[in-house]
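Below: the structure, in structure tokens.
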Number of protein chains: 2
Amino acid sequence: MSMPHRSRAERRRATEARILASARRLFAEKGYERTTIRAVASAAGVDPALVMQYFGAKRDLFTRAVQAVPELPTASDADALTDQLLTTLGLKLGGLPEGVLAMMRSMLTDPAAADQVRDALTRQIEAVTAAMPAAEDPELRAALLVSALLGITIGHQLLGLPPLRGAEADRIVGIIRPAVKSLTASAD
Amino acid sequence: MSMPHRSRAERRRATEARILASARRLFAEKGYERTTIRAVASAAGVDPALVMQYFGAKRDLFTRAVQAVPELPTASDADALTDQLLTTLGLKLGGLPEGVLAMMRSMLTDPAAADQVRDALTRQIEAVTAAMPAAEDPELRAALLVSALLGITIGHQLLGLPPLRGAEADRIVGIIRPAVKSLTASAD
DNA sequence: TCAGTGAGTCAACAAGCGTTGAGCGAATGG
DNA sequence: CCATTCGCTCAACGCTTGTTGACTCACTGA
């Protein structure tokens, strides 16, 4: 059934990956505080002490579990910007990676996660500001736009708001896109 | 200096109120899990056991601390609806009550808080849906609208996103209101 | 074959948590 | 003035948590 004989290094990397995957899943599901090392270990079929041995401390495990997907290239025109926003916040391409969900889940109750999200969103806001034609208050408008999309992501992926829960991403994007475009354009 | 002689009942109600206020502040600041009974008691200048004696259990204290402000009357026309939405999500009238902030702070990591927020938002969504002219997908549009405003509230009150942090509510409302109105109207 | 490495387990620690029951001491009311 | 109530504290409980050090034992490489 299983792979017959793997080298020690292979097995080690496999267990480490299994632990990391369990950690990501649980962090995304329950957040930092309510996820215990014991639960991660048990989900990975391993002793709690091994988790510490491989990752050092719970905080380090969390850091490893949520370390960001590579930054998207800065969009130049409004259409590309819209797509970038929708993708970054997981409204396209079948949801967000579990690590990002874990970070979002913990951002309101864990200061470290809050800092990380704040930084990421600030970068997004700067990109949107730069790509925005000379409207009044471009920074504020960009921040409001990004926050609004964040809220939709939360309602959809983290809170499971009934009408959003069942809706496919395409229908959501279909409704949002024109609104986003009208906000990034200079007209109000 | 202080009130000279208060009755026993008065003093008791005063301490109970002090405990509840401390609980609200800490729950709003740190969320359910990271707020300890000991911290609440210490902030209220009181022994932890007294908190239990007055409120029964930590969960009950939380319930008391976040019990909702009275529901707003359902708006009939689009303008009133917009105002109601902006007010409910704390974007008008100088921020949200601390109990609501506490509920929001905990909604991603505490299942009970999540349920309560989901219910409150669902009611809001139903109100918006009902008040919306016959557009396509009114429920989905309403849910997206409410989620977007929720996101703005989070970015503003809970995350403290730099460009939103300094902005007064009036400027934010000034930018949002036309967008909300254009979304609640039937045109897309 | 055999010392040695290293993956993984076991048992325990200290700290912090929610929660409890007994007790103190001042205000109360007759 | 005395017995009682009651707001409040004290000290401790049982439990869970992150974390650690010693141990086991299968596999490695010479």
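Below, chain A is the first sequence line, B the second, and so on; all start at residue 1.
- Within a 6.0 Å radius of NZ in A/Lys30, other residues, nucleotides and ligands contribute 12 heavy atoms or fewer.
- Within residues 19-40 of chain A, the residues that place at least one heavy atom under 4.0 Å from DNA chain C are, in residue-number order, A/Arg38.
- Across the protein-nucleic acid pair, B/Asp47 atom CG and C/dT19 atom P stand 15 Å apart, rounded to whole Å.
- One can place CG of A/Leu61 at 15 Å from P of D/dT17, the figure rounded to the nearest angstrom.
- In this structure the side chain of A/Leu121 reaches within 4.5 angstrom of the side chain of B/Leu159, judged on heavy atoms.
- Rounded to whole angstrom, the span from the CD atom of A/Glu10 across to the P atom of C/dG6 amounts to 17 Å.
- When distances run from any side-chain atom of A/Gln53 to the nucleotides C/dT28, C/dT9, C/dT19, the shortest one goes to C/dT9.
- The residue among B/Val46 and B/Arg8 whose nearest nucleotide of DNA chain D is located toward the 5' end is B/Arg8.
- Few gaps surround CD on A/Glu16; more than 12 heavy atoms of other groups in view lie less than 6.0 Å from it.
- Taking the ring axis of B/Tyr32 as reference, the NZ or CZ atom of B/Arg59 stays within 45° of it and closer than 6.0 Å to the ring centre.
- Taking 4.5 Å as the limit, every side-chain heavy atom of B/Val66 sits out of range of all side-chain heavy atoms of B/Leu101.
- Annotation: of the two residues near DNA chain C, A/Ala49 and B/Ala9, the 5′-most nearest-nucleotide partner is A/Ala49.
- Distances shown here put every side-chain N or O of A/Arg11 at or beyond 4.0 Å from the OP1 or OP2 atom of C/dA7.
- The neighbour count for A/Arg18 CZ, taken as heavy atoms of other residues, nucleotides or ligands under 6.0 Å away, is above 12.
- Contact annotation: B/Tyr54 does not reach the phosphate of D/dG7 (side-chain N/O to OP1 or OP2, under 4.0 Å).
- Contact between the side-chain N/O atoms of B/Thr15 and the OP1/OP2 oxygens of D/dC8 is found at a separation under 4.0 Å.
- Sparse packing is recorded around CD of B/Glu139, with 12 or fewer heavy atoms of other residues, nucleotides or ligands lying under 6.0 Å away.
- Across C/dT20, D/dC8, D/dT20, the shortest atom-to-atom separation from the side chain of B/Met52 is found for C/dT20.
- The CZ-P distance, from A/Phe62 to D/dG18, rounds to 14 Å in whole Å.
- The residue B/Phe55 sits apart from the nucleic acid: no heavy atom pair falls under 4.0 Å.
- Distance from the side chain of A/Leu50 is smallest to C/dG8 among D/dT19, C/dT28, C/dG8.
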